[in-house]
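Comments concern the structure below.
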Amino acid sequence: MPKITLPDGSARNYDAATSGAEIAASIGKSLARDAVAVRINGELRDLTRVIDDDASVEILTRDSDDGLELLRHDAAHVLAEAVKELWPDTQVTIGPAIENGFYYDFSREEPFTESDLEAIEARMKDIVDRDEAIEREVWERDKAAEFFRGIGEEYKAEIIEGIPSDEDLTLYRQGDFIDLCRGPHLPSTGKLGKAFKLTHVSGAYWRGDSNNEMLQRIYGTAWSNEKQLRKYLNMLEEAEKRDHRRLGRVMDLFHFQEEAPGAVFWHPKGWNLFQSLINFMREQQNAAGYQEINTPEIMSRALWESSGHWNTFGDNMFTTETVDGRQYAIKPMNCPGHVQVFKQGITSYRDLPVRLAEFGKCHRYEPSGALHGMMRVRAFTQDDAHIFCTPEQITDESIAVCDLILGIYRSFGFDDIRIKFADRPEARVGEDAVWDQAEAALIKALEAAGLEYTHNPGEGAFYGPKLEFVLRDAIGRDWQCGTLQVDLNMPGRLGASYIGEDGNKHLPVMLHRAIFGSLERFMGILIEHHAGNLPLWLAPVQVKVLTITSEADEYADEVAAELRARGIRAETDLRNEKISYKVREHSVAKVPVQFAVGQRELENRTVAMRRLGSKKQQVMPLDEAIENLLSEVESRA
RNA sequence: GCCCACAUAGCUCAGGGGCAGAGCACUUCCUUGGUAAGGAAGAGGUCCCCGGUUCAAAUCCGGGUGUGGGCUCCA
């Protein structure tokens, strides 16, 4: 006689063993319809799982986070079933739910094509219509391995052999398709519904290891209902409209070309924006006690060998050899250069912390497949800084860096920021005791600053643990930009020291920090976040002065000259075109403010001001318009 | 680096073994207009590069480069 306790605290008694499905049905019709799984004493289970003892039970519907994840996992299984029906020789491997959808990795000779996707999707919908029951079976490990090997599923057999022998293996059967899976699953394929879509194919290494076979991966998206699916597909379209590569062209900011893969050709407007970012950062970090320096872009191979970079990243460094056979590397990062500056002269503990900053242009020979617009380039500019301090100063300095980073992100309109703590990777330099100390110091700073964070195990740099600052953009995508790393290794490797209170030499702690990360990447994110509609203080052309008739040409020139004299970036458009044509063109180019001037404005020394995105315009005296704009620029709104 | 796809005018793209196409942009002319495309004419090409097949290749095949979507990587 199981007693079932529901999440609202109410309890029900059942005469005999029951199941999630029965409980849902006894509560209500709509719950029975929307139920996809059940949580029994905190464990996610199939709706049909027998409950024969007292338990706390929560019915999960398709709209819940867990329910949706289950739905996506089932979509992956239905995908695999469809592929096996269409091409029985294909081997299945794994197919998990992921953010927004699912994928399944297959092994087969022929790659899937776009038209295959249509056929597979149609077959998946047939399987949903068939409403096949999805049944859980417990198998013995060796028998299961033998079974899968018997039907030619070598990958499944390999997975089973990796599962501990004392663990029960579960297989899920739907129609003629049977798959190894921990579960849980929906009660039947019909429950999946049809709010899914296959999106693309790609390659993926077996078990994520580039030494293994390349499998064929099919990606799809799945949602609890059609409306959600449409919303997601619209978001993808929106993302495409915001693509910085497209906007970079229409805004005339930059271009790429074949002769310099992964390197930006900056156009005047793009470079203007780049300089605005640098100027802002310079102002902020100078106020925070940083000193700006500049270090050589080409330095001897020997320096990179002693820093450890040659050994760890040598394949990804651009190198150069002179006619007389000297070997140099183009800097992939600024740290070793900064240590050289710190090492000049003798530093006392009284001088610490020393905060050295550089807008350093770095080059990394990134794998060709990794390049992606401005988000991943081979030539980029870091807003890099290194803080040399005593161990006692780590916490305060780290807190200050966190404050600086979060404040700067807010200035650019990013309010949703997550922090990840990444600790020691497998490939690293330095003693474990030193790592213990560095990791503890970073956590202590996070806690002292009262910041929430998540743990990212094994993702630290090879010389120290790090904090990663991830910002979420206007359409919900996450970007990792800033970083703060505690390094107790590099100063020793490169021979940096300071004289302590005791008169002896000590190793300084080195904090690495970047806020934009890469200026190029940050600008790409900024463009996409604002969909190109940059705030006034950043827009490369802030005001465009448009003439309505040629009689106003001279006045337009005067207006633009006045704007520029007051520090506003302004250009004129005196072309023999209709005003609506000009308005459209500069709106498309994302100019935030347009001043239209014609006969009336000329006579009254006014301007008709139109803001990007607005359909209205406001006529006001030129001086007043300038004052308004200046205060907006000043406030960085 | 690996898998798949793509590469044609400044841009977006159509075409396709036998004369290189459209729209927008550009130039000139007409038009001087009141807030997201006024009209006409003109100019513009190594069809990514190198080979091969063929009487003939932008088109078919092979290799390379670049780009896109992923995988791996990201100091």
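Below, read A as the first sequence line, B as the second, and so on, with proteins coming before strands; counting in each chain starts at 1.
- Nucleic acid contact class of His200(A) (heavy atoms, under 4.0 Å, all strands): sugar-phosphate only.
- For the pair Ile568(A) and Val593(A), the minimum side-chain heavy-atom distance is 4.5 Å or more.
- Distance CG (Asn456(A)) to P (C74(B)): 12 Å, rounded to an integer number of Å.
- Under the Watson-Crick or G-U wobble criterion, with both distances below 3.5 Å, C48(B) is paired with G64(B).
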Listing, residues 456-467 of chain A side-chain donor-acceptor contacts under 3.5 Å, not counting sequence neighbours, or none:
unit_1    : atom_1 : unit_2    : atom_2 : d
Asn456(A) : ND2    : Glu468(A) : OE1    : 3.2
Tyr463(A) : OH     : Gln485(A) : OE1    : 2.4

What's touching nucleotides 2-6 of chain B from the protein side, N or O pairs under 3.5 Å?
unit_1 : atom_1 : unit_2    : atom_2 : d
C2(B)  : O4'    : Tyr205(A) : OH     : 3.3
C3(B)  : O2     : Gly203(A) : N      : 3.2

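- With the nearest nucleotide of RNA chain B identified for both Gly208(A) and Ser550(A), Ser550(A) has the one nearer the 5' end.
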Side-chain donor-acceptor contacts of residues 540-547 of chain A below 3.5 Å, not counting sequence neighbours, with atom names and distances?
unit_1    : atom_1 : unit_2    : atom_2 : d
Gln542(A) : OE1    : Arg569(A) : N      : 2.8
Gln542(A) : NE2    : Leu536(A) : O      : 2.9
Lys544(A) : NZ     : Glu571(A) : OE1    : 2.7
Thr547(A) : OG1    : Asp573(A) : O      : 3.3
Thr547(A) : OG1    : Lys582(A) : NZ     : 3.0

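- Remark: the separation of the C1' atoms in U27(B) and C13(B) is 23 Å, to the nearest Å.
- Contact check for Tyr365(A) versus Met317(A): no side-chain heavy atoms found under the 4.5 Å cut-off.
- Atom CG in Asp105(A) sits about 13 Å away from atom C1' in U72(B), given to the nearest Å.
- Between His386(A) and Phe388(A), the two ring planes are tilted [angle within 30° to 60°].
- A57(B) is unpaired under the Watson-Crick or G-U wobble criterion, no partner having all donor-acceptor distances under 3.5 Å.
- With sequence neighbours left out, Arg249(A) forms a salt bridge (charged side-chain N to carboxylate O under 4.0 Å, His left out) with no residue at all.
- Under the salt bridge (charged side-chain N to carboxylate O under 4.0 Å, His left out) criterion, the residue pairs touching residues 365-380 of chain A are Glu366(A)-Arg376(A), with sequence neighbours excluded.
- For the segment residues 520-536 of chain A, the set of residues with a heavy atom within less than 4.0 Å of an atom of RNA chain B is empty.
- Across all strands shown, nothing is found opposite A75(B) as a Watson-Crick or G-U wobble partner with both distances under 3.5 Å.
- Remark: the Gln340(A) side chain and the Thr295(A) side chain contain no N/O donor-acceptor pair separated by less than 3.5 Å.
- Pair assignment for A40(B) gives U28(B), based on Watson-Crick or G-U wobble hydrogen-bonding distances that are each under 3.5 Å.
- None of Phe196(A), Phe102(A), Tyr232(A) except one satisfies the ring-ring contact (aromatic ring centres under 6.0 Å, His included) rule with Trp223(A); the exception is Tyr232(A).
- For the pair Arg575(A) CZ and C26(B) C1', the computed distance is 11 Å after rounding to whole Å.
- A donor-acceptor contact under 3.5 angstrom links the side-chain atoms of Arg376(A) to the base of C73(B).
- For residues 516-528 of chain A, the pairs satisfying salt bridge (charged side-chain N to carboxylate O under 4.0 Å, His left out) are Arg477(A)-Glu528(A), with sequence neighbours left out.
- With Phe516(A) as reference, Phe522(A) is the one residue of Phe522(A), Phe359(A), Trp479(A) to meet the ring-ring contact (aromatic ring centres under 6.0 Å, His included) rule.
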Between protein and nucleotides 9-11 of chain B, what N or O pairs are separated by less than 3.5 Å?
unit_1 : atom_1 : unit_2    : atom_2 : d
C11(B) : O3'    : Arg249(A) : NE     : 3.4

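- When Val201(A), Asp105(A), Thr199(A) are each tested for a side-chain contact (heavy atoms from CB on, under 4.5 Å) with Ile218(A), only one passes: Val201(A).
- Within 4.0 Å of Gly314(A), counting heavy atoms only, lies no atom of the nucleic acid at all.
- At a threshold of 4.0 angstrom between heavy atoms, the contacts of Pro261(A) are confined to the sugar-phosphate backbone, with no base atom among them.
- Within 6.0 Å of atom CD in Glu69(A), 12 or fewer heavy atoms from other residues, nucleotides or ligands are found, so the atom counts as exposed in its surroundings.
- In this structure, Tyr103(A) reaches neither bases nor backbone, as no heavy-atom distance under 4.0 Å exists between it and the strands shown.
- Summarising the geometry, the separation between CE on Met299(A) and P on A75(B) is reported as 18 Å, rounded to the nearest angstrom.
- With P as the reference atom, G63(B) and C24(B) are 41 Å apart, rounded to whole Å.
- Here Tyr219(A) lies in heavy-atom contact (under 4.0 Å) with sugar-phosphate atoms only.
- Results of the side-chain contact (heavy atoms from CB on, under 4.5 Å) test with Phe595(A) over Leu622(A), Thr606(A), Thr572(A) single out Leu622(A) as the only residue that passes.
- Classification of C19(B) as syn follows from a glycosidic angle within 90° of 0.
- Under the rule for a salt bridge (charged side-chain N to carboxylate O under 4.0 Å, His left out), the partners of Glu153(A) that lie at least two apart in sequence or sit in another chain are Lys84(A).
- Nucleotides U54(B) and C48(B) have their P atoms positioned 23 Å apart, rounded to a whole Å.
- Using N1 to N3 plus N6-O4 or O6-N4 for Watson-Crick, or N1-O2 and O6-N3 for G-U wobble, each under 3.5 Å, A22(B) pairs with U12(B).
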Could you list the protein-to-nucleotides 27-30 of chain B atom pairs, N/O on both sides, closer than 3.5 Å?
none

Report all interatomic pairs (protein N or O, nucleotide N or O of nucleotides 34-37 of chain B) with separations under 3.5 Å.
unit_1 : atom_1 : unit_2    : atom_2 : d
G34(B) : O6     : Gln599(A) : N      : 3.4
G34(B) : O6     : Arg600(A) : N      : 3.2
G34(B) : N1     : Glu601(A) : OE1    : 2.8
G34(B) : N1     : Glu601(A) : OE2    : 3.3
G34(B) : N2     : Glu601(A) : OE1    : 3.2
G34(B) : N2     : Glu601(A) : OE2    : 2.4
U35(B) : O2'    : Arg610(A) : NH1    : 2.5
U35(B) : O2'    : Gln617(A) : OE1    : 3.2
A36(B) : O4'    : Arg584(A) : N      : 3.3
A36(B) : N7     : Arg610(A) : NH2    : 3.1
A37(B) : N7     : Arg584(A) : NE     : 3.4
A37(B) : N6     : Arg584(A) : NH2    : 2.5
A37(B) : N1     : Arg584(A) : NH2    : 3.2

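- Comparing Ala260(A) and Asn316(A) along RNA chain B, the residue whose closest nucleotide (by nearest heavy atom) sits nearer the 5' end is Ala260(A).
- With sequence neighbours excluded, the residues forming a ring pair (Phe, Tyr, Trp, His ring centres under 6.0 Å) with Tyr103(A) are Tyr219(A), listed by chain and number.
- Dashed line: the shortest gap from a side-chain N or O of Lys466(A) to OP1 or OP2 of A75(B) is under 4.0 Å.
- One side chain, Asp423(A) or His455(A), offers a donor N or O that lies under 3.5 Å from an acceptor on the other.
- Shown here is Lys343(A), whose NZ atom has more than 12 heavy atoms of other residues, nucleotides or ligands within 6.0 Å.
- His512(A) comes within contact range of no nucleotide atom at all, as no heavy-atom separation falls under 4.0 Å.
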